[in-house]
Amino acid sequence: ATTINVSTSGIISTMYGGLEPGSQMLNCADDFSVPPGQTWSVEYIYTEGFSSDGIAIDGFGVTIYTNEGGLPGAEVHSEVVVPTDINPSTQDLTLAAPVELEAGNYFLSVYGVYNDATIIAEGRWNWFYGDGEVGDLAVLQDETGLITTTSWLPLVDLGVAAAKSLFFRIEGTASGETNEWLSIDPL
């Protein structure tokens, strides 16, 4: 596993369900790679972060994108996971069904879901980040227009110099050149 030197600070990664579809996401993403010759069956995502407003989170969104030149591209998989015990600090997110990923580069986005929120004061989940760069830089998009541009931009370009990577672990099974348990852990 590669360490990212996790800080005690986080960056907003939230879905505002009270806004119109297509303008609900103010979320971050970070990259990971499935090695050549392997296929991953992703079953579980673990992240850590915090809610800065004390408002109850309705669930956590998980979206996997292709990697298009160091930025999230086409959506590969997306779902909202509602854990039986929602904890805004540690997210143990079991996917509804395994997600099969062929060898290649991807981006993972995890975000707090607030079904009725329309502004930051009504819901804000922050994903822990670190200053150790693993692969491509962590990025943010703001479809809501609440804080910045709608395009994916590296967090370091938005003035968060220490936010080069985000805290997550992916688990499942790997097949192909290995039959071992999968765990990618850039924590």
Polar contact flag, side-chain donor to acceptor under 3.5 angstrom, S41-E100 | yes
V82-M25 co-clustered via ILVMFWY side chain contacts under 4.5 Å = yes
Hey, could you give me the CG/OG distance between L140 and S151, rounded to the nearest 0.5 Å?
-> 11.0 Å
Mind running side-chain contact (heavy atoms from CB on, under 4.5 Å) on Y129 and S165 for me, showing each step along the way?
-> CA-CA 6 Å; Y129 59 77; S165 295; over 6 Å; no
Are Y46 and L93 joined in one hydrophobic group, where the rule is that I, L, V, M, F, W and Y side chains link up if heavy atoms are under 4.5 Å apart?
-> yes
Is T39 reaching over with its side chain to a backbone N or O of E102, donor-acceptor style, under 3.5 angstrom?
-> no
Measure from the ring center of F32 to the ring center of F107 and say whether it is less than 6.0 Å.
-> no
If you round to the nearest 0.5 Å, how far is CD1 of I12 from CG of L26?
-> 4.5 Å
Just by modelled atom types, is the I147 backbone N or O under 3.5 Å from a matching donor or acceptor in the D142 side chain?
-> yes
Do V139 and Y106 belong to the same hydrophobic cluster, where Ile, Leu, Val, Met, Phe, Trp and Tyr are linked whenever their side-chain heavy atoms lie under 4.5 Å apart, directly or via other members?
-> no
D58 and Y114 side chains, donor-acceptor separation under 3.5 Å | no
Where F50 and G10 come nearest, the two heavy atoms and their spacing = CE2-N, 3.5 Å
Distance in Å, I64 CD1 paired with N67 CG, rounded so as to fall on 0.5 Å steps | 13.0 Å
Separation between CZ of F60 and CD of Q91, rounded to the nearest 0.5 Å | 4.0 Å
Using the side-chain contact (heavy atoms from CB on, under 4.5 Å) rule, take L108 and I45 through it: C-alpha gap first, then chi angles, then the decisive distance, then the call.
-> CA-CA 10 Å; L108 171 69; I45 308 289; 4.0 Å; yes
Verify, without hydrogens or angle tests, whether D30 (side chain) and L166 (backbone) share a donor-acceptor contact under 3.5 angstrom.
-> yes
Nearest non-hydrogen partners of A29 and P72, listed with the distance = CB-CG, 4.0 Å
Classify the side-chain pair H77/E75 by whether it contains a donor and acceptor separated by less than 3.5 Å.
-> no
Heavy-atom side-chain contact between F168 and T47 under 4.5 Å = yes
How about T144 and L19: do any of their side-chain heavy atoms sit closer than 4.5 Å?
-> yes
Mind checking whether L153 and L155 sit in one hydrophobic cluster, side chains of I, L, V, M, F, W, Y counted as touching below 4.5 Å?
-> yes
Verify the cluster assignment for Y44 and I170: are they in a single hydrophobic cluster under the rule of side-chain heavy atoms below 4.5 Å apart?
-> yes
Do T63 and S109 meet the criterion of a side-chain donor-acceptor pair at a distance under 3.5 Å?
-> no
Determine, stepwise, if the pair Y65 / W152 fulfils ring-ring contact (aromatic ring centres under 6.0 Å, His included).
-> CA-CA 12 Å; Y65 302 92; W152 288 106; 5.6 Å; yes
Is any side-chain heavy atom of V76 closer than 4.5 Å to a side-chain heavy atom of T66?
-> yes
Closest approach of A121 to I55 (non-hydrogen atoms, all atoms of both residues) | O-CD1, 3.3 Å
Minimal non-hydrogen separation, Q38 against V34, with atom names = O-CG1, 3.6 Å
Least distance between heavy atoms, E143 atom then Q24 atom | OE1-N, 3.6 Å
Answer yes if the side chains of T90 and E48 hold a donor-acceptor pair under 3.5 Å, and no otherwise.
-> no
Any luck finding a side-chain donor-acceptor pair between S13 and N27 under 3.5 Å?
-> no
Pair V62-L95, side-chain contact (heavy atoms from CB on, under 4.5 Å): steps then yes or no = CA-CA 9 Å; V62 174; L95 303 179; 4.2 Å; yes
Decide yes or no on side-chain contact (heavy atoms from CB on, under 4.5 Å) for N126 and I11, but give the supporting numbers first.
-> CA-CA 5 Å; N126 301 279; I11 191 76; 5.9 Å; no
Please indicate whether D116 has more than 12 foreign heavy atoms, meaning atoms of other residues, nucleotides or ligands, lying under 6.0 Å from its CG.
-> no
Gap separating the CG atom of D136 from the CD atom of E68, nearest 0.5 angstrom = 11.5 Å
Are any side-chain N or O atoms of T14 and backbone N or O atoms of W125, one a donor and one an acceptor, separated by less than 3.5 Å?
-> yes
Look up atom CZ in F167 and atom CH2 in W127, then write down how far apart they are to the nearest 0.5 Å.
-> 11.0 Å
Nearest heavy-atom contact between S78 and Y111 is OG-OH, 3.7 Å
Short side-chain to backbone donor-acceptor contact, E79 and A96, under 3.5 Å | yes
